[in-house]
Participant: 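I am attaching a structure below and will ask some questions about it afterwards.
Nothing fancy with the numbering, it's 1 onward along the sequence. Both ligands and their constituent atoms are indexed starting at 1 by order of listing.
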Amino acid sequence: MSNDCIFCKIISGDFGTEFVYENEYCVAFNDINPKAPVHILVVPKVHVASLNELEDKNLMGELLMAVKETAKKAGLSAYRVQINTGKEAGQEVFHLHLHILGNKKGNI
Ligand code: AMP
Ligand code: ZN
């Protein structure tokens, strides 16, 4: 938990954000500024600033399995997964997260 991290605050329920999926490792919620008809973020409960700071291999496995479960729950049969890493690559929130980008037709 990082006190000045917006995703840590979301995870602790400070903003009343609805989780579309949750397990012991992560939560998933809709992106506030969607770049696709379906745009969901899968976010680990532990604060890791970016992929560059990740040391727990098992956690990434759990996150990818959570992506699969979240996509299924959202009715997506096809989707893209994106991890922006570093400011120059477009990372705005420095708490590791996986973007799920898809549409209801499943052909993105
Ligand atoms: P990135 O550019 O990879 O760091 O992605 C950060 C994403 O978080 C962006 O797509 C933002 O729209 C999204 N975002 C920022 N604040 C919130 C929030 N309070 N709730 C949901 N999504 C957010
Ligand atoms: Zn955080």
Side-chain angles (χ1 to χ4, degrees):
M1 169 87 188
S2 165
N3 283 334
D4 53 2
C5 171
I6 189 165
F7 284 0
C8 282
K9 285 181 184 149
I10 287 175
I11 290 160
S12 26
D14 283 10
F15 298 132
T17 306
E18 187 195 341
F19 298 144
V20 298
Y21 178 81
E22 179 173 14
N23 66 23
E24 66 175 297
Y25 302 100
C26 63
V27 299
F29 50 87
N30 288 312
D31 196 292
I32 205 167
N33 180 19
K35 284 103 187 162
V38 179
H39 187 173
I40 300 169
L41 303 174
V42 173
V43 184
K45 288 183 174 176
V46 61
H47 181 87
V48 178
S50 83
L51 185 57
N52 282 338
E53 281 74 32
L54 182 67
E55 292 180 355
D56 183 350
K57 276 193 231 172
N58 180 61
L59 179 59
M60 186 49 77
E62 293 293 346
L63 293 172
L64 282 171
M65 293 308 280
V67 163
K68 184 180 79 168
E69 292 304 324
T70 303
K72 194 171 161 190
K73 238 183 133 178
L76 292 173
S77 56
Y79 52 90
R80 288 189 287 129
V81 180
Q82 186 171 322
I83 306 175
N84 297 330
T85 305
K87 207 172 175 179
E88 295 79 5
Q91 185 175 3
E92 290 171 3
V93 177
F94 282 79
H95 179 133
L96 177 65
H97 52 281
L98 288 75
H99 296 255
I100 301 175
L101 298 152
N103 66 37
K104 289 292 180 185
K105 291 181 187 138
N107 60 359
I108 195 164

Participant: Quick check on the hydrophobic clustering: are Val43 and Ile83 connected, directly or via other members, by side-chain heavy-atom contacts under 4.5 Å?
Facilitator: no
Participant: Quick one: does Gln91's side chain have a donor or acceptor within less than 3.5 Å of a partner on Val93's backbone?
Facilitator: yes
Participant: Leu98 versus Leu64: any side-chain heavy-atom pair under 4.5 Å?
Facilitator: yes
Participant: Does the side chain of Asn30 reach to within under 4.5 Å of the side chain of Val20, using non-hydrogen atoms?
Facilitator: yes
Participant: Return the number of protein N, O or S atoms with a distance to the Zn ion (ligand 2) smaller than 2.8 Å.
Facilitator: 4
Participant: For ligand 1, list all ligand N or O to protein N or O distances below 3.5 Å, rounded to 0.1 Å.
Facilitator:
residue	atom	partner	partner atom	Å
ligand 1	2 (O)	Gly90	O	2.7
ligand 1	2 (O)	Glu92	N	3.3
ligand 1	3 (O)	Asn84	ND2	2.9
ligand 1	3 (O)	His97	NE2	2.8
ligand 1	3 (O)	His99	NE2	2.8
ligand 1	4 (O)	Glu92	N	2.7
ligand 1	4 (O)	Val93	N	2.9
ligand 1	4 (O)	His97	NE2	3.1
ligand 1	5 (O)	His97	NE2	3.0
ligand 1	5 (O)	His99	NE2	3.3
ligand 1	10 (O)	Asp31	OD1	3.2
ligand 1	10 (O)	Asp31	OD2	2.5
ligand 1	10 (O)	Lys35	NZ	2.8
ligand 1	12 (O)	Asp31	OD1	2.5
ligand 1	22 (N)	Ile32	N	3.1

Participant: Does Glu53 reach the main-chain N or O of Leu96 with its side chain, forming a donor-acceptor pair under 3.5 Å?
Facilitator: no
Participant: Side chain of His95, backbone of Lys45: donor and acceptor closer than 3.5 Å?
Facilitator: no
Participant: Pick from Tyr21, Phe15, Phe7: which one makes a ring pair (Phe, Tyr, Trp, His ring centres under 6.0 Å) with Phe29?
Facilitator: Phe7
Participant: Spell out, yes or no, whether Phe94 and Val46 are grouped together once hydrophobic residues are joined by side-chain heavy atoms under 4.5 Å, including indirect joins.
Facilitator: no
Participant: Just so I know, are the side chains of His99 and Asn84 near enough to count as touching, which here means a heavy-atom distance under 4.5 Å?
Facilitator: yes
